[in-house]
Amino acid sequence: MTHPHYVACRTLINLQKKRRKNCKKDVTLILSPQSTNLTFSFDSCPTSKKSQEPRAAAIDHSQTMGSCLCFVAFFSLFQVIIFASLTTAEKTDSRALLISDLTSGKRHSEEYCAMYDICGERSDGKVLNCPYGSPSVKPDELFSAKIQSLCPTISGNVCCTELQFETLRAQVQQAIPFLVNGNMTVDAIDFYIADTFGEGLYNSCKDVKFGTMNTRAIEFIGAGAKNFEEWFDFIGEKAALGFPGSPYAIDFKLTVPESSRMELMNVSVYSCADTSLGCSCGDCPSSQECSNPEPPQQKKEPCSIRILSFEVKCIDFSVAILYILLISAFFGWGSFHRTSERRRVESSKEPLLNVIHDDGIGSVNLQKDESVVTKGPEIDPQVTKRIQLAPLQGYMSNFYRSYGSWVSRNPTFVLFSSVAIVLVLCVGLVCFKVETRPEKLWVGRGSKAAEEKQFFDSHIAPFYRIEQLIIATVPDLKHGKSPSIVTDDNIQLLFDIQNKVDGVRANYSGSMVALTEICLKPVGQDCATQSILQYFKMDPENYDSYGGVVHAEYCFQHYTSADTCLSAFQAPLDPSTALGGFSGNNYTEASAFIVTYPVNNAVDDVGNENAKALAWEKAFIQLAKEELLPMVLSRNLTLSFSAESSIEEELKRESTADVITIVVSYVVMFVYISLTLGDAPHLSSFYLSSKVLLGLSGVMLVVLSVLGSVGFFSAVGIKSTLIIMEVIPFLVLAVGVDNMCILVHAVKRQPLELPLEMRISNALAEVGPSITLASLSEILAFAVGSFIPMPACRVFSMFAALAVLLDFFLQVTAFVVLIYFDFLRAEDNRVDCFPCIKVSSSSVETSEDVGIYHRRTGLLTRYMKEVHARILGFWVVKMVVIAVFLAFTLASIALCTRIEPGLEQEIALPRDSYLQGYFNNVSEHLRIGPPLYFVVKDYNYSSESRHTDQLCSISQCDSNSLLNEISRASLTPESSYIAKPAASWLDDFLVWISPEAFGCCRKYLNGSYCPPDDQPPCCSPDDGPCGVGGVCKDCTTCFRHSDLVNDRPSTTQFREKLPWFLNALPSADCAKGGHGAYTNSVDLNGYGSGVIRASEFRTYHTPLNKQGDYVNSLRAARDFSSRISDSLKMDIFPYSVFYIFFEQYLDIWRTALINIAIALGAIFIVCLLITSSLWSSAIIILVLAMIVVDLMGVMAILDIQLNAVSVVNLIMSIGIAVEFCVHITHAYLVSHGDRNQRAKEALSTMGASVFSGITLTKLVGVIVLGFSRSELFVVYYFQMYLALVVIGFLHGLVFLPVVLSIFGPPNPHLSIDIHQVESSSDLS
């Protein structure tokens, strides 16, 4: 186990982000003869305001921010704790010292060294200094330059040899343990400090933020100390042998013995928020630059009103008040209207309509009254059309009458020509292709997120592919809490799992693909696997030697500072990315291992560049299912897994998972159609009166229309989706069956005395306009869905609209011919399904009997006429119906506000998918959100531009810079969804080139790049421990302060050194190397012009568990970027891998409402043109709007989310709901009498057809979908369609007749009708 002292040293020194420039004052070290302890006093400029103004400092590794002032103050102490070998000979104001000499009694004063030269070394090769004094020496020019690269203000004599300095420079970022080695060496130190200094130092550091984990730095450098005494006790603890840390005990004393000449160290300290430091927000949250001038926006709570002890939402209260007002007004009007009507009836004579009816108005509607057969057929068709139909309806009725006669005379030509036209469209199926890529299915054209993703992929790098395993413990049954997974057995199991994953081989084009060939390798040749096994370098042999679980737990807290905790790919591993199910930073309580394998991704525009990865992913999933899952379950653990291609593969499987369900649904609907189209069962003639062959033919026409639609769009290059092949046939069948039933029932209602040709003609004249109106409305409603930007839904709507159009075309052509042939078959006594078999007339009823049978009123028709219509005719029932339906509509309006946008991934997958458990575990265990990148376009780094100061967050940067604003936003993660400050390549680059970072930007004497001393060629791992000397002994820093302008590089310096930085490997001597951490963060193409076209600053979102979290995080990130872009006048946008799929939900409500409004408007225009009645058209639109609103209310009740699928369903529900309204309204318009009589006649005429041909047909098909294995089918097709059928039935057969009976349009041609009927009577 690594000692905690090592953490403080590495955190504050080795991983510093900005180093102090000046080390002005000196250290004096005195040996005391009274003890073996070393007593000394120390005074240094970083903590004294008397000295030169200090500069900002911080702690970090290559991706994080850290301490500013804490390093300034604390570095003073660690200069003594680490080395006391380098001192200046400048004039100082040192405190009085207890001076004595254990050896020769030499004097101890200014320009005199307490330690000098090297006297030995440890067994591990680390050198030990001599505790013998000597005069200070003046270094030569080269040695002085090297010293100034470390401490720029030292220019006089020094107290170290060049060998000592090389050791210091090589290890200044590390705590060196000292051991007694025969020679006299330091064993302990007494350090005298004043409590005011200790308190001030602690206060200056306690609030400093450590960006790596978005927590306080004191957690790392002080073990979470609550006061300065605890902190100094931690610092002064002596490290055990073999562990990094303080080599000797340091006793911090608050009082000085009376006999001692020592004085307490009591210099002034800087506050973290001191304006002279200029600490950044990421380093110091209490800095004035971090104070947000605008208070964080509080999350707006929904408006509510308290009534007594109940709290009611404002929308609910408003709707309730509105309902009370409307109902009160309606009941008041109803009472007044009812009273006025009674008075008018009592005071008037016998109603004119009754006289007219007695005089023979029934003869006008001969074909509708089945009991009247006295008048000839040549009279009533003309009179009916002339009296009751609007102009366009009359024209359509005449057209269909003539068309019906023509079809009956040319059945063969019509049948084959209509089918041939559709078959020609089916030829396009040879070009049939299926789109399965999620980004092509769910991302619309012109998508801002798609454009940003394309820019990111082409200028930065495609986001890597993710393969992931989640191993979790099972919750305790008693307490419900999951035990910790961090145990020896579980880590050994993780090694076994890793061994099997490493052994996965996938066959790609004859070659075997392993993980090492496709994995992401940011540094070196090791995969960047995110697993706690990285704390053991992914090697099981290191487990015991490193310390097992104890070492892992140590690395959880010190992963950024301890070399032994660095991953195999030489980068720190944040435990929050490899552990799950813990609270706060209590990693030891983690209940899950999260193993992530990042795999290289490619922009796959031309070839299939990701084919190797896809092949390996399939093998990986197979391994997880067949071997890893049983292995984990045997240990009483759970395993969930996923690969980048998993969602796409599971969506493919889903499209074929419910084939049986769909087929059963079609069969059930086919059986029901056959029974519905046929006559009532009669044993002696059922094989003649049944319509099985006609029903089967109708189903085949539906299939043909779907194939024609798919063929046409395939021919024009539009790819299909597998869900189209499942849903559209069902949808078209459900829509088409209605028209089939209506056509057949209309023909059956015609008197048998008429020739078949006339019956076909009259039936088409009767129902043709309403069928046309319903079909056009459906086509328009489906076509409106093509305006939805999501490709899958847009293509679905286009295919559905064309399929319904082709189905309507085949119904009024081929199906009419099939009806004609089927009735000829029945009249010729030929058996259904076997028309070649003719039954003798003696075995069936006579023609008279058959005629009576055909004219017999069905049970459902009698119910509609004698029961349903009568009940709805009562005034009290009408009042109740209006009140109930209005209440549900207004309640649905209130419920609509509770509908959440999104589409849960679990719903989009099969119920038995392995991803179901994976997504549940992701929500339960992950403690860090998706990576978030802020991408800056056209960053001008030239000296003349202010872009650098507008982006960076170190000293001298603008207070409202991008990185400072990100740091501020991370302080309110609940609203910003930003978890921590961003990793800044720009900050790290500016630190990397600064003279203080003496181990980073270095150059040989010839000006070429010189790596840090612990990297080749300065040091070779094969040659043992790195020494001081060698080929890099003469390397110096790239720049001195005099070379820079206000500590900023010039345009030329920036251009020259940026590639050095991006190629520099991070190491212990320089953790700021950009290779790996920032390799792809900057687009260097064309950067020589002074403008970097694209660069990114990355952070993380907070954990996102629900669809709403994803949508809100995207909205918050865009709002933030928009505000910053406007403020800085720079082009900045946010990017995360999930944005492209969730952008649609930002304005899904707007999309839904606009498309619904367009659909309703289109249907209103069609209704108005066909019916020529503004009144009836308005009633139809009102009822359709109520149906849609009520359906949305049901969505809220059932927790169905608003997404492209549900929006398409809402739009299609308008088209489907038209059938519940149009046929009843059309029957009302062509009926005679007052409003009540016309409503009753409409129900008697069309009620049975609407119920049996529309409601029940859809109901039986929808119910079967409830048994689907796909949750998507169950939620968005079973539940929504079932709700639509029930709501449409209630509105079409209950609410609409009531509304028509009260508010329906009057018959505008009543006076003309009377005159013509009377004239007809006189002539007769």
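- Relative orientation of the Trp985 and Phe1054 rings is perpendicular, given thresholds of 30° and 60° on the angle between their planes.
- Every residue meeting the ring pair (Phe, Tyr, Trp, His ring centres under 6.0 Å) condition with Tyr1135, not counting sequence neighbours, appears here in chain and number order: Phe456.
- Taking Lys618 as the reference, Glu649 meet the side chain to side chain contact (heavy atoms under 4.5 Å, CB included) condition, with sequence neighbours excluded.
- For the atom pair CD1 (Ile993) and CG (Asp1043), the distance works out to 11.0 Å, reported to the nearest 0.5 Å.
- With sequence neighbours excluded, no residue forms a side chain to side chain donor-acceptor pair (under 3.5 Å) with Asp544.
- Separation of atoms CG (Leu494) and CZ (Phe593) is listed at 5.5 Å; rounding is to 0.5 Å.
- Between the side chains of Asp502 and Gln498, a donor-acceptor pair is found at a separation under 3.5 Å.
- For the pair Lys1057 and Phe989, the cation-pi criterion (under 6.0 Å, within 45° of the ring axis) is not fulfilled.
- For the side-chain contact (heavy atoms from CB on, under 4.5 Å) with Ser531, the qualifying choice from Ile497, Val595, Ile594 is Val595, the only one to do so.
- With Arg1002 as the partner, the salt bridge (charged side-chain N to carboxylate O under 4.0 Å, His left out) test is satisfied by one option alone out of Asp1013, Asp1069, Asp1034: Asp1013.
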*Yes or no on disulfide bond (SG atoms under 2.5 Å apart) for Cys1032 and Cys1010, after CA distance, side-chain angles and deciding distance?*
CA-CA 7 Å; Cys1032 300; Cys1010 176; 3.9 Å; no
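- Put simply, SG on Cys952 and CG on Leu986 are 5.5 Å apart, with the number rounded to the nearest 0.5 Å.
- Legend: residues meeting side chain to side chain donor-acceptor pair (under 3.5 Å) with Arg1048, ordered by chain and number and at least two apart, are Asp949.
- Using a 4.0 Å cut-off between a side-chain N of Lys or Arg and a carboxylate O of Asp or Glu, Asp496 and Lys500 do not qualify as a salt bridge.
- When the ring pair (Phe, Tyr, Trp, His ring centres under 6.0 Å) test is applied to Tyr543, the partners found at least two apart in sequence or on another chain are Phe536.
- A search for side chain to side chain contact (heavy atoms under 4.5 Å, CB included) contacts involving Glu644 returns Arg465, Ile466, Glu467, Glu617, not counting sequence neighbours.
- Atom-to-atom distance recorded for Arg927:CZ and Thr1102:OG1 is 12.5 Å, nearest 0.5 angstrom.
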*Just do the side-chain hydrogen bond (donor to acceptor under 3.5 Å, both in side chains) check on Thr948 and Tyr939 with the steps written out, would you?*
CA-CA 8 Å; Thr948 297; Tyr939 159 44; 2.6 Å; yes
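- In this structure, Tyr597 has no ring pair (Phe, Tyr, Trp, His ring centres under 6.0 Å) partners at least two apart in sequence or on a different chain.
- In summary, the side chains of Asp988 and Tyr1078 do present a donor paired with an acceptor at a separation below 3.5 Å, with no hydrogens or angles considered.
- Considering all non-hydrogen atoms of both residues, Pro1011 and Pro1016 come closest at CG-O, 3.4 Å.
- One distance of note links CD1 of Ile1092 with CG of Asp938; it measures 10.5 Å at 0.5 Å rounding.
- Contacts classified as salt bridge (charged side-chain N to carboxylate O under 4.0 Å, His left out) and involving residues 513-536 (residues at least two apart or in different chains) are not found.
- Within 6.0 Å of the NZ atom in Lys537, the count of heavy atoms belonging to other residues, nucleotides or ligands exceeds 12.
- Listed by chain and number, the residues in a ring pair (Phe, Tyr, Trp, His ring centres under 6.0 Å) with Phe1138 are His1101, Tyr1110, Phe1142 (sequence neighbours excluded).
- Residues meeting the side chain to side chain contact (heavy atoms under 4.5 Å, CB included) test with Thr1052, sequence neighbours left out: Ser1050, Arg1055, Glu1056.
- Tyr918 pairs by the side chain to side chain donor-acceptor pair (under 3.5 Å) definition with Gln468, not counting sequence neighbours.
- For Ser642, there are no side chain to side chain donor-acceptor pair (under 3.5 Å) partners, not counting sequence neighbours.
- We find the CG-CG distance between Leu533 and Asp539 to be 10.5 Å, quoted to the nearest 0.5 Å.
- No side-chain donor from either of Ser953 and Asn964 sits under 3.5 Å from a side-chain acceptor of the other.
- The closest side-chain donor-acceptor pair between Gln1015 and Ser1067 falls under 3.5 angstrom.
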